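What follows is a single structure, written as structure tokens, with notes after it.
Counting convention: from 1, in listed order, for ligands and their atoms alike. Everything numeric here is computed off the predicted structure, so don't read it as measured data.
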Amino acid sequence: MHAFKYHRASSANEAASIVARNGEARFLAGGQSLVQMMKLRFVSPSDLVDLGSIKDLAGIKADGSGVTIGAMTRHAEVAGSAEVRKAIPALAALAGTIGDRQVRNMGTLGGAIAHADPAADYPAAVLGLGATIHTNKRKIAADDFFKGMMETALQPGELITSVSFPVPKRAAYMKFKNQASRFAIVGVFVADTAGGVRVAVTGAGPCVFRSKELEAALSKSFTAQAAAGVKVSDKGLNKDLHASPEYRAHLITVMAKRAVQSIA
Ligand SMILES: Cc1cc2nc3c(=O)[nH]c(=O)nc-3n(C[C@H](O)[C@H](O)[C@H](O)COP(=O)(O)OP(=O)(O)OC[C@H]3O[C@@H](n4cnc5c(N)ncnc54)[C@H](O)[C@@H]3O)c2cc1C
């Protein structure tokens, strides 16, 4: 790891202005991905701007129509929140499946979606529920946020402040996990929302994506049988030591079927 300068920001504006002044600076949330990347020298920031003391960035607010979660809210808080469990139980359950206890106590929603690991869980909920990402500059619809492998719509120095999730009629998340890290080999978030059925797939491609085939089938009939009847194409899916594209395509159908089954 290369040397860097450490800053502890006390407001979102201060954090953003330090990063704006230093081109190679990075925000530091829980360090659960960034520190590993630094140790491997995949990134070598000149400055780290710790967001941990910015009170406005953490916390959960729910009203009848949705839940807004601050970027610095830890996975364990989302998993254990009575408000999230009541409004969107699938989101709380998803947060509870991330990594292990340490990762859930340090990792954050903002860090997870800014990092945009292709196998991360939160992107599936963000896209599956059609959430809105709030930054210090603008609002970004989930459909416009995830752009590719570890690539998002965020501009350099843009800070995620919170994410708003609309309450779906019903939703569930199922993942076939890597037994060591718990990252998704394939994870599928199925949501029946006011705007229609949305199915988001993580772990299978370079970044989270919506399965139009599953959405079409579940829009006609929101049943496990309808999901099971969909043959997903393996074109463009990931190939690594964990699974082939063909196996991942098969898992997408199986996880979607199990997600719908769990709702029933
Ligand atoms: C052993 C292990 C197992 C894990 N298992 C899983 C798993 O099963 N499922 C899963 O989904 N994830 C898993 N993770 C990842 C974990 O969920 C982390 O929360 C996630 O990687 C982000 O970490 P962080 O919040 O600490 O952000 P950091 O590591 O601090 O930051 C990550 C990136 O996001 C940027 N960033 C952080 N906050 C903001 C913000 N508010 N605005 C803009 N940019 C920001 C940083 O500059 C950095 O580039 C695992 C991690 C580990 C170490």
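In terms of protein heavy atoms, atom 23 (O) of ligand 1 is closest to Gln32 CB, 3.6 Å. Of the protein's non-hydrogen atoms, the one nearest atom 5 (N) of ligand 1 is Ser181 O, 3.0 Å. Taking atom 49 (O) of ligand 1 as the reference point, the nearest protein heavy-atom neighbour is Arg26 NH1, 3.0 Å. At the shortest separation from atom 15 (C) of ligand 1 among protein heavy atoms lies Phe183 CZ, 3.6 Å. The protein atom (non-hydrogen) at minimum distance from atom 11 (O) of ligand 1 is Asp121 N, 2.8 Å. The protein heavy atom nearest to atom 47 (O) of ligand 1 is Phe27 O, 2.6 Å. Of the protein's non-hydrogen atoms, Ile160 O, 3.0 Å is the one closest to atom 41 (N) of ligand 1. For atom 36 (N) of ligand 1, the closest non-hydrogen atom of the protein is Ala114 CB, 3.8 Å.
Outside the 6.0 Å centre-distance limit, the rings of His242 and Tyr247 are not counted as a close aromatic pair.
Taking the ring centre of Phe222 as origin, the terminal cationic atom of Arg170 falls inside the region bounded by 6.0 Å and 45° from the ring axis.
Salt bridge absent: Asp47 and Lys5 never bring a charged side-chain N and a carboxylate O closer than 4.0 Å. In this structure, Arg210 pairs ionically with Asp143, as a charged nitrogen and a carboxylate oxygen lie closer than 4.0 Å. With respect to Lys86 and Glu83, no salt bridge is recorded, no charged nitrogen being found less than 4.0 Å from a carboxylate O.
Atoms of ligand 1 found under 4.0 Å from any heavy atom of Ala29, numbered from 1 in the order shown, are 25 (O), 27 (O), 30 (O), 37 (C), 38 (N). Against a heavy-atom cut-off of under 4.0 Å, Gly99 is close to the following atoms of ligand 1: 4 (C), 5 (N), 6 (C), 7 (C), 8 (O). Ligand 1 places these atoms under 4.0 Å from at least one heavy atom of Leu159: 40 (C), 41 (N), 42 (N). Taking a cut-off of under 4.0 Å to the non-hydrogen atoms of Gly107, the atoms of ligand 1 that pass are 19 (O), 25 (O), 26 (O). Within ligand 1, counting atoms from 1 as listed, the ones closer than 4.0 Å to a heavy atom of Arg182 are 7 (C), 8 (O). Close approach of ligand 1 to Ala71 is summarised as follows: ligand atoms under 4.0 Å from at least one heavy atom of the residue are 41 (N). Atoms of ligand 1 lying under 4.0 Å from at least one heavy atom of Lys175, given by number and element, are 8 (O).
Of the heavy atoms in Ser33, both backbone and side-chain atoms come closer than 4.0 Å to ligand 1. Under 4.0 angstrom from ligand 1, the non-hydrogen atoms of Leu51 all belong to its side chain. Heavy atoms of Glu158 found under 4.0 angstrom from ligand 1 belong exclusively to the backbone. By the criterion of a heavy-atom distance under 4.0 Å, neither the backbone nor the side chain of Met150 is placed next to ligand 1.
When all heavy atoms are compared, the tightest approach of Arg104 to Thr97 is NH1-C, 4.5 Å. In terms of heavy-atom proximity, Gly205 sits nearest to Asn238 at O-ND2, 2.9 Å.
Within 6.0 Å of CD on Gln36 lie more than 12 heavy atoms contributed by other residues, nucleotides or ligands.
By heavy-atom distance, the residue among Ala184, Ala180, Gly111 lying nearest atom 37 (C) of ligand 1 is Gly111. Checking Val43, Val103, Leu34, Leu28 against atom 2 (C) of ligand 1, the nearest heavy atom belongs to Val103.
Taking 4.0 Å as the cut-off, His75 counts as a neighbour of ligand 1 on heavy-atom distance.
Under a hydrophobic clustering in which Ile, Leu, Val, Met, Phe, Trp and Tyr are joined whenever their side-chain heavy atoms come within less than 4.5 Å, directly or via other members, Ile140 and Met150 fall into different clusters. Transitive grouping of hydrophobic side chains (ILVMFWY, heavy atoms separated by less than 4.5 Å) brings Ile252 and Val197 into a common cluster. Note: the hydrophobic cluster containing Val208 also contains Ile160 (ILVMFWY, side chain heavy atoms under 4.5 Å, direct or indirect links).
If you check the side chains of Ser11 and Asn13, you find no donor sitting under 3.5 Å from an acceptor. If you check the side chains of Ser53 and Arg8, you find a donor sitting under 3.5 Å from an acceptor.
The shortest N/O to N/O separation between Gly30 and ligand 1 falls below 3.5 Å. For ligand 1, the polar-atom distance check against Tyr122 finds no nitrogen or oxygen pair separated by under 3.5 Å.
Looking at His134, Lys61, Lys139 one by one, the single match for side chain to side chain donor-acceptor pair (under 3.5 Å) with Ser164 turns out to be His134.
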